[in-house]
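What follows is a short report on a single structure.
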Number of protein chains: 4
Amino acid sequence: MAALFRRSQNLFKKWNSYVDISFAPSRSMASKTQVGFIGLGNMGRPMAMNLLKHGYPLIATDIFPDSCKELQGLGAQILDSPAEVAENADRIITMLPSSPNVIEVYTGPNGILKKVRKGSLLIDSSTIDPSVSKEMAVAAEKMGAVFMDAPVSGGVGAATSGKLTFMVGGVEEEFAATKELLNCMGSNVVYCGQVGTGQSAKICNNMLLAIGMIGTAETMNLGIRLGLDPKLLAKILNMSSGRCWSSDTYNPVPGVMEGVPSAKNYQGGFGTTLMAKDLGLAQNTASNTKTPIPLGSLAHQIYRMMCARGYASKDFSSVFQFLREEESGQ
Amino acid sequence: MAALFRRSQNLFKKWNSYVDISFAPSRSMASKTQVGFIGLGNMGRPMAMNLLKHGYPLIATDIFPDSCKELQGLGAQILDSPAEVAENADRIITMLPSSPNVIEVYTGPNGILKKVRKGSLLIDSSTIDPSVSKEMAVAAEKMGAVFMDAPVSGGVGAATSGKLTFMVGGVEEEFAATKELLNCMGSNVVYCGQVGTGQSAKICNNMLLAIGMIGTAETMNLGIRLGLDPKLLAKILNMSSGRCWSSDTYNPVPGVMEGVPSAKNYQGGFGTTLMAKDLGLAQNTASNTKTPIPLGSLAHQIYRMMCARGYASKDFSSVFQFLREEESGQ
Amino acid sequence: MAALFRRSQNLFKKWNSYVDISFAPSRSMASKTQVGFIGLGNMGRPMAMNLLKHGYPLIATDIFPDSCKELQGLGAQILDSPAEVAENADRIITMLPSSPNVIEVYTGPNGILKKVRKGSLLIDSSTIDPSVSKEMAVAAEKMGAVFMDAPVSGGVGAATSGKLTFMVGGVEEEFAATKELLNCMGSNVVYCGQVGTGQSAKICNNMLLAIGMIGTAETMNLGIRLGLDPKLLAKILNMSSGRCWSSDTYNPVPGVMEGVPSAKNYQGGFGTTLMAKDLGLAQNTASNTKTPIPLGSLAHQIYRMMCARGYASKDFSSVFQFLREEESGQ
Amino acid sequence: MAALFRRSQNLFKKWNSYVDISFAPSRSMASKTQVGFIGLGNMGRPMAMNLLKHGYPLIATDIFPDSCKELQGLGAQILDSPAEVAENADRIITMLPSSPNVIEVYTGPNGILKKVRKGSLLIDSSTIDPSVSKEMAVAAEKMGAVFMDAPVSGGVGAATSGKLTFMVGGVEEEFAATKELLNCMGSNVVYCGQVGTGQSAKICNNMLLAIGMIGTAETMNLGIRLGLDPKLLAKILNMSSGRCWSSDTYNPVPGVMEGVPSAKNYQGGFGTTLMAKDLGLAQNTASNTKTPIPLGSLAHQIYRMMCARGYASKDFSSVFQFLREEESGQ
């Protein structure tokens, strides 16, 4: 993999020599000059709106033109490609579904790096493989730009209310400028270390989250079968060493808490498919670094089995339902 | 199993008819009359001392006479068998290593039920199979006594400082009398429901604890290999959805927290063997109730492998060390 | 557990002293005197018929009177209880669903041991916990009888055609007499060692079988998704180191082999519930002997999840269907 | 990933237009014209020697000059780079450690494709990610060459004796020419389908092998603890449904079989690291195709834990030793 990327970079070197990067306007850190935003999906749209609300003129694009309409109505300028956005803004945020999309948007034929201005700050909030973040950073550096990875924790709700947590990796000198923008969209902006560590922190958190959720679902199901009242059991766990976010904040058992997906037939929340994707990233980074993750790996497989059994679009706390005996069962 | 116990009870019925239970002095709930204590191991000894401190005259026994000496020095009366203790006290607490010991101490030839006074309150704080607790309760009821299960959470430290948590199962009318005694030894006494539910709550908590601990160890190890600082990673997890007791209170990575076993080469704390035993109980109750516990089961196997690899007496957070690459490795 | 049984035996000792065992007719090994058969379910019935076919007069019983009719029509004498069978036959075969049934039939109030003749040969072909077999052997010995465990491999088909495999544990001197009877019902009678080892061998085999079956299902599913033809993949595995009974004799993928459950919508064969039960026994013996069985344990959990998802009565090779994406899926 | 490769190919297109491919001599299928061999490691060296023995003039290269000496002594011509080999031979076999090496050797600055002759047959016997094989095939096709994947089953012994099994993927019309060469080095050459399916078949086999091996180790260990003689248990498994290659051909328990690694303190054979690598490939392909592989995934993690515990260079059957209680243990 590393070798592959290294080779790609060599090709970039050649390719880059054809790109005219002579006109590099200096990026103003504090002023509210325009900001680019690429990727206007369920998460990207409310994030971009919060930038607008904070007074930043916005230049945006998305492969689905329909995704751009709402933002256009609010005053954003819509362009045709990442390259065009890069021509017109020296601070760009990307929010994309997965590694290949990030590679395409940055290094593709109409990608950001084709037209990026020297000194630009490129912030990627997608959740992707940290090794891809590193390679994008190297490619950006070749063009005289800076790439930071800044994946988010928190769902559509947090994106809308500007309460996301950002985990940021990249050169430390650029953290202040990065934070200035991310503060418009989140309540927590944490510096994690060199480029890729934002992704690593995100992946680590979600792996432990998945383990805690399945563990909570198993435990609650076992306790109920042993005759314990679910609310009481949750209370006991939460005052003891079994306590975790999935038991005290997002309990997967219907009737234990209000306002969580388990209270709404597992609608909304964080889909099983998305959790399976993040666990796939954890698995890949673990395989690449030869790190044993026995529970993380089994959690991955359980979410994969759930996707295959019809749980793909339900909230990931529906693992409680998956493990519990079917009503009609046996 | 159920059938086996049922049969045993039938035999009890006959057997019990030979026992003279006519002289049943009424048990005084509030007064500080003498209390029996059976099982003076690492946990039982400090628990019994706290009863003494609270002014309860104590009658005690243990199969190892040496275990009784310290308590004798403090004024406790030492007798030869559970039966003798039962003859002389109508409130008895037992703290034993495992199910077979409990069966022996209650129903064996010199067991409590051989000489129990009518109306006695029998409180078992051992961690055992909830189905055994239920059988003991039925056997006690046959003799006119009341059996409550009240396993503890918290180790030798909490036992010494009187800060244990008790999870109590049994008839609700007896909870007040039970709590009066347990309050001398713990800061939390929770009523869980019918007999056996105290055990069930304990087992459920420890299963989720084991899952959270291994999950935290895997996650911290993966993060470190991906270049994250362990303290920073712990901080991020603890403010995010990966948060759990093992990450924020008992972190398994040396250097992240002070005063926990990971800061002392995994000495002290809760031994891997004990965790493996509790997970075996979880496994048994899950098998008996046909409940799937995929992560709980794998956690059990990992602690079993650790016992086989020399980690038996280290704190259960040493799973971090087990998963991490050996220094000399490869 | 051991302690529990030990105590039960102590009670037996007393109880046994009331039983008159003075008239112990010598058991004739070679002659075709009558044989007792207890447990006429799906497996027991065809097994008993094969004994009749071989000319053995049969005395039988079952808790469901309907199960006895067919055999009665063929000339077997039907009695009311195991105790009555034991009064009238000095060679008895039992074929029961699980450990509690075996305990009841041998040591219950109307059990075999209540009336067993001195010198009787008691052969249990049920699949149960080896520790229960050992306890039954001790109880039988107290009455002057011999207990052998002889669980079978092979389903209803093999029982009908007399092609079962018997794995026999018990005193070696009684193996010849045991084999004489079992040869009427099976084509393979293997001596495994002291009492309980027949069960142990059976449990070990079925655990490895379950692992091999799930492994084969995963592998075939992965290969198919990677573009391999299932028949070709099976052929390659079977000539390579991936070969196992589940790949070459009982392939779980529809269309690869004929005459196996996967060719008949997973009807017939060995039910998922039964496999889950056997894996529960493996789990228990592993927990009791503190043996790590990571894959065996996960296999157990997967079959438990399948039972909860509606696969209880399908053949255990339906795990292929369970893992494969639902047609309507995602 | 796919997108990344696609982009790389676009870059190749441009790049390739600079390469002079006008002189493309027709590749003679039957004649013994010279064959290129790249990668002279433990496996490649004996494979290349077998080609020499069959009368094929050899042109070879390796990044470690020392690896080439033996072959040079036997008459092979040693060149400096894959590109030079490609200039001088129109049938080339590559045998390399992992995906990045294959990418480098084929598409690197001195790679085969830089100088490949039109019509050349390129056979890669490395075990790598099937998606990389597919990309190499597309890149080769762009240059007018044919790429086949042909990973092997069998170790150094089989390579030396010419008894390897080759699993071949690629266009069917080229299978005959491929087989002609591979027949010199192996006794089994199986056509699996389109390019990449050779790798897929190899990965599938090794995943099932790993599952079977760990399963056999667990089962044998459990049986031994339950009092069974290991040789007898192996015999019973091998005549029953637990039978698999690991139980009947490569038993992991010392003393059960001769001539296998378990009889030689797990020296020789197939190293734990290599198995972990192959399971990593299985994991990656499963993640990419969203296929659940619960046991395969746990097998991967167990081999990873073993690598971290000092088993990296032992044969993969040493998992028996890993699971068994340490002599000094507890």
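Letters A, B, ... mirror the listed sequences (proteins, then strands); counts begin at 1.
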Handout entry: B:M213 portion near chain A, given a 4.5 angstrom heavy-atom threshold
Key = neither
Practice task
Answer whether the closest heavy-atom distance between the side chains of B:P294 and A:L323 falls below 4.5 Å.
Solution key: yes
Practice task
Tell me, for B:M239 versus chain A, whether the close heavy atoms (under 4.5 Å) come from the side chain, the backbone, both or neither.
Solution key: side chain
Fill in the blank from the handout: Note: vs chain B, highest number of non-hydrogen pairs under 4.5 angstrom among A:V190, A:D229, A:L237 is A:L237
Handout entry: chain A contact via B:L233 - which portion, at a heavy-atom distance below 4.5 Å
Key = side chain
Practice task
To the nearest 0.5 angstrom, please state how far the CD1 atom of B:I203 sits from the OG1 atom of A:T219.
Solution key: 11.5 Å
Handout entry: Gap between atom CG of B:L295 and atom OG1 of A:T216 - 0.5 Å precision
Key = 10.0 Å
Exercise for the section: Please round to the nearest 0.5 Å and tell me the distance separating atom CG of B:N221 and atom CD1 of A:I293. Expected result: 10.5 Å
Handout entry: Minimum-distance pair of heavy atoms, taken over all atoms of B:T197 and A:L226
Key = CG2-O, 4.3 Å
Practice task
Could you tell me the separation between the OG atom of A:S200 and the CD1 atom of B:I224, rounded to the nearest 0.5 Å?
Solution key: 12.0 Å
Exercise for the section: Answer with side chain, backbone, both or neither: which region of B:N188 has an atom nearer than 4.5 Å to a non-hydrogen atom of chain A? Expected result: side chain
Practice task
Find the one option among A:S241, A:A286, A:A201, A:G169 whose heavy-atom pairs under 4.5 Å with chain B are most numerous.
Solution key: A:S241
Completion exercise
The interface call for A:D248 against chain B, heavy-atom contacts under 4.5 Å, is side chain
Exercise for the section: Mark yes or no for whether A:R225, through its side chain, and B:K290, through its backbone, hold a donor-acceptor pair below 3.5 Å. Expected result: yes
Problem - Closest heavy-atom pair and its distance - B:L208, A:G212 - result: CD1-O, 4.4 Å
Problem - Toward chain B, the part of A:Y250 with a non-hydrogen atom under 4.5 Å - result: neither
Fill in the blank from the handout: Closest non-hydrogen atoms of B:L228 and A:C192, given as atom of the first, atom of the second and distance, are CD2-O, 3.8 Å
Problem - Atom group of A:T165 that falls short of 4.5 Å from chain B, counting heavy atoms - result: side chain
Handout entry: Heavy-atom contact with chain A under 4.5 Å, split by part of B:T249
Key = side chain
Problem - Spacing of CG belonging to B:N238 relative to CG belonging to A:N205, to within rounding of 0.5 Å - result: 9.5 Å
Practice task
Could you grab the distance from atom CG of A:N206 to atom OG of B:S240, nearest 0.5 Å is fine?
Solution key: 9.0 Å
Fill in the blank from the handout: Of the listed A:T291, A:I214, A:T289, the one with the largest count of heavy-atom pairs under 4.5 Å with chain B is A:T291
Handout entry: Choice from B:G154, B:C204, B:G215, B:S246 maximising heavy atom contacts with chain A below 4.5 Å
Key = B:C204
